[in-house]
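Working notes, beginning with the structure itself.
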Amino acid sequence: MFRFIVRRLLQMIVAFFGTTLIVYALMFAGQGDPIQALAGERPVTEAQRAYLTEKYHLDATGVGGFFYRYFDYLSNLLRGDLGESLTGRSIGEILAAAWPVTIKLALIAIAVAVIFGVTAGVLAGIRRASIFDNATLLLTLLVLGIPTIVLAPLAQYLLGVKWQLFPPTAGADPDFYALLLPGIVLGSLSLATALRLTRTSVAENLRADYVRTARSKGLPRRRVVSVHVLRNSLIPVITFLGVELGNLMSGAIITEGVFNIPGVGFNLFRGIRTEDGPLVVGIVSVLVVVYLVANLVVDILYAVLDPRIRYE
């Protein structure tokens, strides 16, 4: 296990360097004026051009100049300095204010997916071909067929504006209740996928040889399902939820935008819309780390859930 973790950490380092290089290249290595690319469509004065040239070392040209700028950015990044956005505000301060909101939203979404999705998936897998099973499959198919860009405004209008069950927008400092509706919307797609994945995995494991052996030994059905079937069935679900956690931690741009939630996704969308290159690169670089750590945790949980899995 130790060697596996070391190997995965080395792979994470390579992946981190590769992804940050690609993202940085998209901002600086394109054709045209790099200063204008930084500023977007806004006009750039001579004073601003001189400031940006000095700040981002744009006077160094060619391939060597690009890698010099990249390693300078990377060295600052590894020291925890994410730089400044084009508005002059520290990107670290922006993320420090946005992370707590996004973490709350992601936890609500994951809780919705785990509590309702996994539970309903286990019941559907045990009662395969029943009315409950068919109803959940139809419902998940309907949810998966509706994109978030449609589901979020629809839920906001019906539950927030028309019936007034939830606040229609979260505001600057949202509490748990204000984040509940967007959390349910954000977790609905994860819920549907987790339900279908759990149902399929449970149904397959119920037909496995080890289950028939356990039953032949006289073990109660509840123990067979809770100890043997459920533990093995959760392996693909954990994989999905681990990867999905990275998606949720990105803040789900659409959901945060619709409900006016000042999280990571909202700031990332704002950076893309205003063509704030440093802000976009800084946020994406942090999200890369979140994805890599989430995948490492998922791989380690494999061995915890299934003792047959051993990493050399």
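- Side-chain atoms of Glu204 and Val229, non-hydrogen and from C-beta on, never get closer than 4.5 Å to each other.
- Side-chain contact between Asp133 and Arg127: absent, with no pair of heavy atoms (C-beta onward) separated by less than 4.5 Å.
- Counting heavy atoms from C-beta on, the side chains of Ile126 and Arg221 come closer than 4.5 Å.
- Separation of atoms CG (Leu78) and OH (Tyr73) is listed at 9.5 Å; rounding is to 0.5 Å.
- Under the side-chain contact (heavy atoms from CB on, under 4.5 Å) rule, Glu256 has a single partner from Leu186, Asn267, Leu105, which is Leu105.
- At a threshold of 4.5 Å between non-hydrogen side-chain atoms, the residues Ile254 and Phe269 do not count as touching.
- Under a hydrophobic-cluster definition in which Ile, Leu, Val, Met, Phe, Trp and Tyr are linked whenever side-chain heavy atoms come within less than 4.5 Å, directly or via other members, Val185 and Val143 are assigned to different clusters.
- A donor-acceptor pair is defined here as one N or O able to donate and one able to accept, closer than 3.5 Å; no such pair exists between the side chain of Ser201 and the backbone of Thr198.
- Under the 4.5 Å side-chain criterion, counting only non-hydrogen atoms from C-beta, Ser85 is not in contact with Pro278.
- Here the side chain of Arg212 pairs a donor or acceptor atom with the backbone of Arg207 at under 3.5 angstrom.
- Legend: residues meeting salt bridge (charged side-chain N to carboxylate O under 4.0 Å, His left out) with Arg8, ordered by chain and number and at least two apart, are Asp299.
- To the nearest 0.5 Å, atoms CZ (Phe16) and CG (Leu292) are separated by 8.5 Å.
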Steps toward side-chain contact (heavy atoms from CB on, under 4.5 Å) verdict (Phe266, Thr102)
CA-CA 9 Å; Phe266 180 84; Thr102 296; over 6 Å; no
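- Between Tyr70 and Thr20, some side-chain heavy-atom pair lies under the 4.5 Å cut-off.
- At least one side-chain heavy atom of Thr213 sits less than 4.5 Å from a side-chain heavy atom of Lys217.
- Sorted by first and then second residue, the side-chain hydrogen bond (donor to acceptor under 3.5 Å, both in side chains) pairs involving residues 148-172 (not counting sequence neighbours) form an empty list.
- Contact annotation: the side chain of Glu84 never approaches that of Ile91 to less than 4.5 Å [non-hydrogen atoms, C-beta and beyond].
- Thr193 and Glu244 are not linked by any side-chain donor-acceptor pair at a separation below 3.5 angstrom, with hydrogens and angles left out of the test.
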CA sep, side-chain torsions, deciding dist, call: Ser285, Tyr24, side-chain hydrogen bond (donor to acceptor under 3.5 Å, both in side chains)
CA-CA 9 Å; Ser285 298; Tyr24 193 84; over 6 Å; no
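- Using modelled atom types, one finds no donor on one side chain facing an acceptor on the other under 3.5 Å when comparing Tyr291 with Thr19.
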